[in-house]
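Worth saying up front: this structure is predicted, and the values here are computed from it rather than measured. Chain identifiers are assigned alphabetically (A, B, ...) following the order of the sequence lines, protein sequences preceding nucleic acid strands; residue numbering begins at 1 within each chain.
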Amino acid sequence: MTDDTAADRLTELAKRRGFFFRSSEAYGGVSGFYVYGPEGATLKENLEDAWRDRFVRREGHMEIEAPNVMPEPVFEASGHLDGFDDMIVECPECGASHRADHIVEDNTDIEEAESIAITDIEEIVAENDVVCPSCGTELAGEPVEDFNLMFETTIGPGSSSPGYLRPETAQGIFVEFPRLKEYARGQLPFGVAQIGAAYRNEISPRKGLVRLREFAQAELEHFVDPETDDPDLESVADVEVTLYSEAQQDDEDGEPVELTVQEAVEAGVVGSDWVAYYLGVAQGWYERIGVDMDRFRFRQHRSGELAHYAADCWDAEADTSAPGADPDWIEITGFAYRGDYDLTKHGEYADDDFTIFKQYDDPITVERATVDPEMSYLGPEFGGDAAAVGEALEDLAERDRTAFDDDTVTVDVDGDEYAVPVEKTGFSIEEVTEAGEHVTPHVVEPSFGVDRLVYTVLAHTLERDDAGEDADEDRTVLTLPPELAPTTVAVFPLMDKDGLGERAGEVAERLRQAGFEVAEDASGSIGRRYRRQDEVGTPYCVTVDYDTLEDGTVTVRDRDTTAQARVPVDDLPGVVADLRAGETTIGDL
RNA sequence: GCGGCGAUGGUCUAGUGGUAGGACCUGAGCCUUCCAAGCUCAUGGCCCGGGUUCAAAUCCCGGUCGCCGCACCA
């Protein structure tokens with residue numbers, strides 16, 4: 001079986017049975033936007049619930065829902081307006097597109113070319129005789145096009161207030177940090193989670209659910225004090241993880257290694273205890289939702305591919321190819337230690353306070369150099385620059401109190417030097433008592449791509465076996481964990497006559513009352529109906545037959561083994577619940 | 001965005017300058033006492049726009065979408 005047929009089988013099933021399909025096909029379709037059909041929407045919801053259960057509820061974190069649209073200044077602060085902006089230059093000869101900033105960096109001494117204006121980049125390209133990396137044609141004079149990966153919109157009438165669809169859900173959390181820290185009563189650590197849509201106007205999205213322009217993220221921003229907060233590493237110490245470190249990637253013969261979380265931390269393979277902790281937690285969670293852990297690894301980002309905010313980052317990757325085919329690794333989660341980047345940036349750009357006041361165990365007394373400039377002197381002397389000079393003096397006092405040892409002190413304001421007599425600066429050294437300090441929390445961020453997880457789970461649970469009586473006959477079955485299955489139990493009458501259909505309806509209703517997602521089907525042969533449910537991953541099928549009318553028992557059939565057990569209708573809700581929870585199996589009944 | 005290839009019922013497909021056929025699925029009926037049985041019937045289709053032509057689903061152009069390669073995926 002080739003890679004193609006595996007993916008094709010999945011997309012065919014997804015379309016036919018309502019898991020996912022391209023949107024707006026009636027109007028020709030649109031690239032990068034998908035619909036979750038009835039089965040897919042429920043599957044995705046169940047997957048998100050499983051995520052909530054593990055990463056919010058069990059961790060004691062909180063969940064919020066922030067808007068999809070946020071105003072421009074948010075993204076100036078976050079760095080997305082610049083950092084998300086690609087400058088593309090096209091080769092007139094071979095037609096290849098290149099990142100203008102990248103080829104400038106490669107051909108000149110310039111670093112961080114990303115932050116240079118487009119017109120300047122065009123000049124630099126011309127002056128340095130930069131050529132096309134693909135074919136060597138001169139690129140001088142070629143236009144450099146701006147391509148921002150964010151969807152832009154306007155807020156309210158007119159264009160004076162630009163807004164953007166968020167390119168990651170994380171900013172919705174960072175921006176609200178001042179209020180969230182109030183909610184957390186100013187105490188670190190605390191975690192804020194969000195499941196929601198994010199938008200990236202990809203140049204060329206492909207591969208269905210794997211690369212979308214609108215996609216769902218489940219993100220956790222865990223705010224910690226880097227000095228005092230430590231993760232509960234012990235709880236995941238023995239979890240085995242497959243790690244593909246940067247060093248192993250750089251080594252030609254490098255292979256991923258299996259280590260316990262504890263070993264990984266001790267050997268320094270994973271630099272951050274926090275990241276290591278979440279790798280351990282996530283490992284167990286992936287297993288729980290049906291990811292095939294033989295086709296899974298954690299891969300460290302190489303230093304070149306680190307995002308603008310990330311200090312260290314590991315991706316969870318799943319291979320969605322068919323066995324035997326070339327591996328097709330897709331990123332399903334990013335684990336980033338974002339440091340204090342985001343909160344610091346928002347603190348600089350926004351009016352609010354993005355720090356936490358950390359109280360000392362005991363107040364401390366420190367000597368502090370302060371100034372109290374005599375503005376009645378500075379004003380007449382320096383005119384409009386007086387205020388700036390005053391601020392410069394304050395900065396200087398904090399930085400270097402020896403500057404005030406002489407009779408005059410000199411400060412620099414925008415390149416101009418100003419000499420001020422020390423006596424006019426109000427310089428003094430005082431003892432002050434400090435109860436604590438403001439610290440900017442660090443952020444640990446596990447960021448899950450929900451759509452890719454849905455895709456991976458489907459790809460890893462879609463199986464074909466020969467459970468049919470006729471050995472030539474393949475059975476298509478999704479071995480979804482019962483927790484995720486869109487339908488938990490299907491109820492069939494063996495025949496749709498002699499009152500069996502009515503009885504089946506009663507049984508189905510009873511299971512619905514008990515809170516289960518129930519399907520009913522009376523059409524076609526019983527075998528056909530089992531197969532229909534197998535295809536959408538329904539773990540249990542209940543069949544009402546003639547014995548049911550006699551003694552009130554039904555058969556329960558297990559999806560994966562096709563084994564059956566006979567159960568009294570009265571016990572059914574409890575039996576299904578136990579089966580779903582894994583507390584019993586069909587064989588035990 | 002560029003280049004190559006492609007687009008036919010819900011799905012998978014056959015096919016020709018004279019407006020389409022199959023398989024599966026789905027629905028109805030018959031039959032059937034537990035794993036895609038059988039029979040009868042039915043629903044349903046040539047991506048969009050323009051051009052050439054007596055006639056276009058077929059040929060040409062453009063668009064949209066898909067796949068592959070390049071680039072991109074922070």
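Comparing B:A56 with B:A20, their C1' atoms are spaced 14 Å from each other, to the whole Å. Between B:A55 and B:G1, the distance separating the two C1' atoms is 39 Å to the nearest Å. Remark: the separation of the C1' atoms in B:G3 and B:G9 is 33 Å, to the nearest Å. Atom name C1', nucleotides B:G44 and B:A23: the rounded distance is 15 Å, in whole Å. B:U13 and B:C70 have their C1' atoms separated by 32 Å, given to the nearest Å. Between B:C12 and B:G18, the distance separating the two C1' atoms is 28 Å to the nearest Å. Separation of the C1' atoms belonging to B:G21 and B:U52 is 28 Å when rounded to the nearest angstrom. As rounded to the nearest Å, B:C72 and B:A36 have C1' atoms that lie 44 Å from one another.
Per the geometry, CD belonging to A:E202 stands 13 Å off P belonging to B:C72, to the nearest Å. When the P atom of B:U32 is taken as reference, atom CG of A:D498 falls 11 Å away, rounded to whole Å. Separating the CD atom of A:E25 from the P atom of B:G9 is a distance of 10 Å, rounded to the nearest angstrom. As a whole-Å value, the separation of A:Y540 OH from B:C35 P is 21 Å. One can place CG of A:D8 at 14 Å from C1' of B:U13, the figure rounded to the nearest angstrom. Computed from coordinates, the A:R528 CZ to B:C34 P distance equals 17 Å when rounded to whole Å. One interatomic measurement links the two molecules: CZ of A:R302 to P of B:C73, which rounds to 16 Å at whole-angstrom precision. Between A:D328 atom CG and B:C73 atom P there is a gap of 18 Å when expressed in whole angstrom units.
Within 4.0 Å (heavy atoms only), A:S525 reaches sugar-phosphate atoms of the nucleic acid but no base atom. A:Q533 comes within 4.0 angstrom of nothing in the nucleic acid, heavy atoms only. A:S31 comes within 4.0 angstrom of the backbone, heavy atoms only, and of no base.
Listed pair A:K15 / B:C12 meets the phosphate criterion, a side-chain N or O lying under 4.0 Å from OP1 or OP2. In this structure, A:R475 does not reach the B:C35 phosphate: none of its side-chain N or O atoms is under 4.0 Å from OP1 or OP2. Side-chain nitrogen and oxygen atoms of A:R213 include none within less than 4.0 Å of the OP1 or OP2 phosphate oxygen of B:C73. Residue A:R9 places none of its side-chain N or O atoms closer than 4.0 Å to OP1 or OP2 of B:U11. Proximity of A:R531 to the phosphate of B:A36: a side-chain N or O atom is located under 4.0 Å from OP1 or OP2.
Residue side chain A:R557 reaches the base of B:C35 through a donor-acceptor N/O pair under 3.5 Å, judged by distance alone. Taking 3.5 Å as the limit, the base of B:C48 and the side chain of A:Y27 contain no donor-acceptor pair of atoms between them. Between the base of B:C34 and the side chain of A:T555 there is a donor-acceptor pair shorter than 3.5 Å.
With RNA chain B read from its 5' end, the first of the two nearest nucleotides for A:R211 and A:R206 is the one closest to A:R206. The residue among A:Q564 and A:S523 whose nearest nucleotide of RNA chain B is located toward the 5' end is A:S523.
Aromatic ring orientation, A:F335 versus A:F448: perpendicular (interplanar angle above 60°, classes split at 30° and 60°). Classified by interplanar angle (parallel below 30°, tilted 30° to 60°, perpendicular above 60°), the ring pair A:F298/A:F296 is perpendicular. Between A:F20 and A:Y36, the two ring planes are perpendicular [angle over 60°; tilted spans 30° to 60°]. The aromatic rings of A:F354 and A:F177 lie parallel to each other, their planes meeting at an angle below 30°, with 60° marking the opposite boundary.
Each of A:M150, A:Q217, A:H80, A:M70 was evaluated against A:R166; a single residue qualifies, A:M70, per the side chain to side chain contact (heavy atoms under 4.5 Å, CB included) test.
When distances are taken from the side chain of A:R16 to each of B:U11, B:A36, B:C35, the shortest belongs to B:U11. Each of B:A36, B:U32, B:C34 was ranked by its minimum atom distance to the side chain of A:R566; first place goes to B:C34. Among B:G1, B:C35, B:U32, the nucleotide with an atom closest to any side-chain atom of A:M495 is B:U32. Each of B:C34, B:A36, B:C68 was ranked by its minimum atom distance to the side chain of A:K207; first place goes to B:C68. The A:E12 side chain lies nearest to B:C12 when the options are B:C12, B:A36, B:U26.
Cation-pi geometry between A:R297 and A:Y244 is not met: the NZ or CZ atom fails to fall both under 6.0 Å from the ring centre and inside 45° of the normal. Taking the ring axis of A:Y199 as reference, the NZ or CZ atom of A:R213 does not stay both within 45° of it and closer than 6.0 Å to the ring centre.
Between the side chain of A:R557 and the main chain of A:A563, no donor-acceptor pair closer than 3.5 Å is present.
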### Query
Using Watson-Crick and G-U wobble pairs whose two distances are both under 3.5 Å, how do you write the pairing of RNA chain B as dot-bracket, with | for links to another strand?
(((((((..((((....[..)))).(((((.......)))))....(((((..]....))))))))))))....
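By the 4.5 Å heavy-atom criterion applied to side chains, A:Y455 and A:I332 are not counted as neighbours. Contact of the A:L212 side chain with the A:F33 side chain is not registered, since no non-hydrogen atoms from C-beta on lie closer than 4.5 Å.
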